[in-house]
Amino acid sequence: LAKMDGEAKFVKRKAKAGYVEIHPTDSALVVFYEVEASILGEDGNNIVSESNLCQKQVRVPALTARTDVAVLASRIIEKCKYIHPSQQGEVEQLLLFLQKRNQSIGHDAKTAEKSELQRQLMATSAKQSQAQLSEIDTYVEMLYDDTKRKIQGTSMILQLAREADELEELAHNETMLGALARIMREDGLKNTDLTTNIVSIFFFFASYSTFHPLVSHFKIGATCIKILDQEMKRYSLWQEAIRKRERKVKAGKMASEELDNALTKLNEQQFKQEQLLFVALHLLLNLAEDTQTEVKMVKKGIVPQLVMLLARMNYEFLTLVTTFLKKLSVFKENVAVMQQHDIIAKLSLLLPHQSKPLEHMCLRLLLNLSVDKAIRKRVIDVGLLPRLSDMLSDEGVPLGVLISILYNLSLDEEHLALFGVTDTIPVVMKLILTSESEYAELEPVALAVNLAKSPRNAKIMCEGAGLKLLLKRGLRVRDPVLLKLVRTLCQHDNTQELLLEFIDPLGKEIHASRDDPDMLVE
């Protein structure tokens with residue numbers, strides 16, 4: 001060490017832009033970046049270097065439908081040096097999430113202004129009572145007081161937990177962690193604000209895989225699943241209470257104003273509940289990086305709970321739920337449970353959707369599910385095929401994912417005729433014939449080959465100059481997959497004769513393909 005001190009010339013710090021996420025509860029973006037510190041010797045070479053992952057919160061004003069997200073994203077990137085300009089699109093998508101969050105709970109411009117004023121007041125209050133790590137013992141003492149003091153104490157600890165640099169020190173405070181875990185178990189149903197604070201604290205720990213053993217030690221994942229179950233039961237009771245009031249209003253035994261007041265209160269309760277569930281699910285999703293932990297969650301019944309949550313209306317919350325379901329859907333046992341709870345009927349209500357991030361995640365989930373034959377039948381039964389076909393022309397849709405779903409649906413011959421009454425065939429033919437690549441993309445051609453097995457579909461695909469254009473392109477670029485499509489189209493009685501006028505060019509290609517077995521076979 002003495003030698004190192006003698007050689008050291010200066011310390012060099014370098015920050016690297018990382019990734020950006022939405023804060024689980026606040027109207028803010030969380031920017032993760034890497035700081036690399038190097039001790040340089042007199043010759044300018046590194047003696048010691050170390051890198052740490054840090055995070056910074058970027059507060060975002062309340063968004064309305066009139067907010068220009070692109071301009072706001074540019075301003076954020078300009079002011080925050082830890083976000084690279086290339087992440088402009090990503091920041092815009094995250095801001096859209098926050099914007100949709102306001103819209104999903106019915107915020108208008110005045111409500112947004114009120115929310116912004118409340119946020120500023122909260123920010124001022126936070127500055128007046130800024131949490132200090134040196135006062136952690138005081139905050140821990142609050143955890144043994146009444147509910148109001150517990151909320152204050154957990155709020156201060158949450159302030160500390162938001163700073164990545166403080167997590168290491170907090171992780172060594174077993175008294176604090178034990179008290180938080182105990183309150184979470186015992187008071188999980190008593191106060192939503194208190195529970196949200198505690199779950200949020202552990203969420204920040206769970207954001208780093210280093211702290212996953214700590215979170216597991218206090219059985220936070222199991223407690224979150226229990227809270228999830230309890231909150232869903234509570235939501236069912238709220239819904240039943242509203243239905244009773246609606247019946248009374250219909251029977252003339254209750255004024256409609258009383259029902260309106262109950263609905264307003266329900267919306268407020270539901271918003272708070274979804275904040276809690278959002279953080280809890282995000283925490284569980286982080287812990288599910290470990291396969292064994294994920295299996296434990298499945299055994300405790302998280303799959304049916306997630307499927308039931310698809311009935312909610314908050315776009316950002318639904319995006320998280322579908323992300324979790326997509327992760328779980330890679331195991332056929334989980335797919336079977338999802339099918340038992342009719343996940344396709346619930347997904348059908350979300351496709352297409354005005355929230356593109358939610359729509360994209362629903363499509364990716366559906367792609368995983370569509371591997372199962374029974375699921376494919378259910379997709380057809382609920383009438384999802386025409387809507388999926390219409391989405392082929394939508395701007396911004398993940399075309400590869402959508403075509404892969406349609407390909408899976410086309411594996412069942414009993415469903416092939418249904419494609420003929422949708423826009424799938426013209427769109428797929430256009431994708432194949434207008435492809436800028438030398439060889440047409442494999443997914444549209446594979447879908448077309450399956451569709452061509454139906455005589456009716458084959459006739460539609462051959463109409464006009466369809467067959468001629470396919471054959472001309474296939475021979476020009478020597479694409480055996482395209483020629484396989486042509487061969488499949490012409491295997492039917494009503495299309496075989498269409499190939500007669502192309503006998504000469506095909507004969508020449510047979511002679512030219514002696515050294516190319518794939519082309520020769522086709």
Side-chain angles (χ1 to χ4, degrees), residues 326 329-330 351 360 363-377 379-380 384-394 397-463 465-492 495 498-499 509 513 516-522:
K326 173 183 165 291
S329 64
V330 298
L351 289 171
H360 294 181
L363 288 173
R364 286 177 168 83
L365 170 59
L366 185 58
L367 176 58
N368 286 358
L369 296 174
S370 63
V371 176
D372 185 90
K373 184 178 177 65
I375 291 282
R376 296 198 294 268
K377 184 179 184 304
V379 169
I380 299 298
L384 199 48
L385 176 59
R387 276 182 275 164
L388 292 172
S389 177
D390 292 341
M391 289 172 67
L392 285 169
S393 303
D394 290 352
V397 72
L399 202 56
V401 175
L402 185 52
I403 289 178
S404 296
I405 294 171
L406 293 171
Y407 171 81
N408 286 345
L409 295 176
S410 70
L411 293 173
D412 305 312
E413 292 190 10
E414 61 269 27
H415 302 149
L416 290 178
L418 298 174
F419 284 87
V421 294
T422 69
D423 292 331
T424 304
I425 292 175
V427 173
V428 170
M429 288 289 286
K430 182 179 178 181
L431 289 172
I432 295 172
L433 296 172
T434 61
S435 174
E436 296 180 357
S437 305
E438 182 179 0
Y439 295 98
E441 285 81 359
L442 188 59
E443 291 85 357
V445 179
L447 172 58
V449 169
N450 280 356
L451 296 179
K453 295 177 183 177
S454 162
R456 179 181 177 183
N457 292 342
K459 186 176 181 180
I460 295 173
M461 296 167 80
C462 291
E463 286 176 351
L467 180 62
K468 181 179 180 180
L469 292 172
L470 286 172
L471 189 55
K472 183 178 179 180
R473 181 184 175 108
L475 293 176
R476 177 171 55 83
V477 301
R478 301 179 60 81
D479 188 343
V481 181
L482 268 184
L483 293 181
K484 180 178 181 179
L485 171 57
V486 173
R487 176 168 60 84
T488 308
L489 285 170
C490 297
Q491 69 182 358
H492 307 290
T495 54
L498 298 176
L499 202 59
E509 189 61 37
S513 303
D516 188 344
D518 291 334
M519 283 290 292
L520 186 61
V521 168
E522 294 304 333

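Positions are given from 1, in the same order as the sequence printed here. Computed from a predicted model, the values in this text were never measured in an experiment. Values reported hereafter were calculated over all heavy atoms of this structure, with side chains retained and with hydrogens, waters and symmetry mates removed.
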Do [X] and [Y] come within less than 4.5 Å of each other through their side chains, counting heavy atoms only?
X: His360; Y: Arg364; answer: yes
X: Asn457; Y: Ile425; answer: yes
X: Leu483; Y: Leu470; answer: no
X: Val481; Y: Leu485; answer: no
X: Thr424; Y: Leu388; answer: no
X: Leu411; Y: Ser370; answer: no

Could you state the interatomic distance from [atom1] ([X]) to [atom2] ([Y]), rounded to the nearest 0.5 Å?
X: Glu441; Y: Ile432; atom1: CD; atom2: CD1; value: 9.5 Å
X: Leu447; Y: Leu442; atom1: CG; atom2: CG; value: 11.0 Å
X: Leu384; Y: Ser389; atom1: CG; atom2: OG; value: 11.0 Å
X: Met391; Y: Ile405; atom1: CE; atom2: CD1; value: 8.0 Å
X: Leu409; Y: His415; atom1: CG; atom2: NE2; value: 8.0 Å
X: Leu399; Y: Leu406; atom1: CG; atom2: CG; value: 9.5 Å

So which atom in [X] and which in [Y] form the shortest heavy-atom distance, rounded to 0.1 Å?
X: Pro444; Y: Val428; result: O-CG1, 3.4 Å
X: Thr422; Y: Pro386; result: CG2-CA, 4.2 Å
X: Gln491; Y: Lys453; result: NE2-CA, 4.2 Å
X: Ala452; Y: Ala458; result: O-CB, 3.7 Å
X: Ser404; Y: Glu443; result: OG-CG, 4.1 Å

TODO: Let me see the working for Leu367 and Leu402 under side chain to side chain contact (heavy atoms under 4.5 Å, CB included), right down to the final yes or no.
DONE: CA-CA 8 Å; Leu367 176 58; Leu402 185 52; over 6 Å; no

Tell me whether Asp412 is salt-bridged to Lys373, with the criterion being a basic N under 4.0 Å from an acidic carboxylate O.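 Here Asp412 pairs with Lys373 in a salt bridge, since their nearest N and O are under 4.0 Å apart.
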
* Can you list the steps and then say if Leu392 with Val397 is a side chain to side chain contact (heavy atoms under 4.5 Å, CB included)? -> CA-CA 7 Å; Leu392 285 169; Val397 72; over 6 Å; no

#### Entry: Exam field: side chain Ser435 to backbone Leu431, donor-acceptor pair closer than 3.5 Å
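Not a single qualifying donor-acceptor pair exists.
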
- Message: Determine whether Val421 and Arg456 satisfy the following criterion, side chain to side chain contact (heavy atoms under 4.5 Å, CB included), listing intermediate values before the conclusion.
- Response: CA-CA 10 Å; Val421 294; Arg456 179 181 177 183; 3.4 Å; yes

| Counting only heavy atoms not in Glu413, do more than 12 sit closer than 6.0 Å to its CD atom? |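 Counting neighbours around CD of Glu413, 12 or fewer heavy atoms of other residues, nucleotides or ligands fall under 6.0 Å, so no.
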
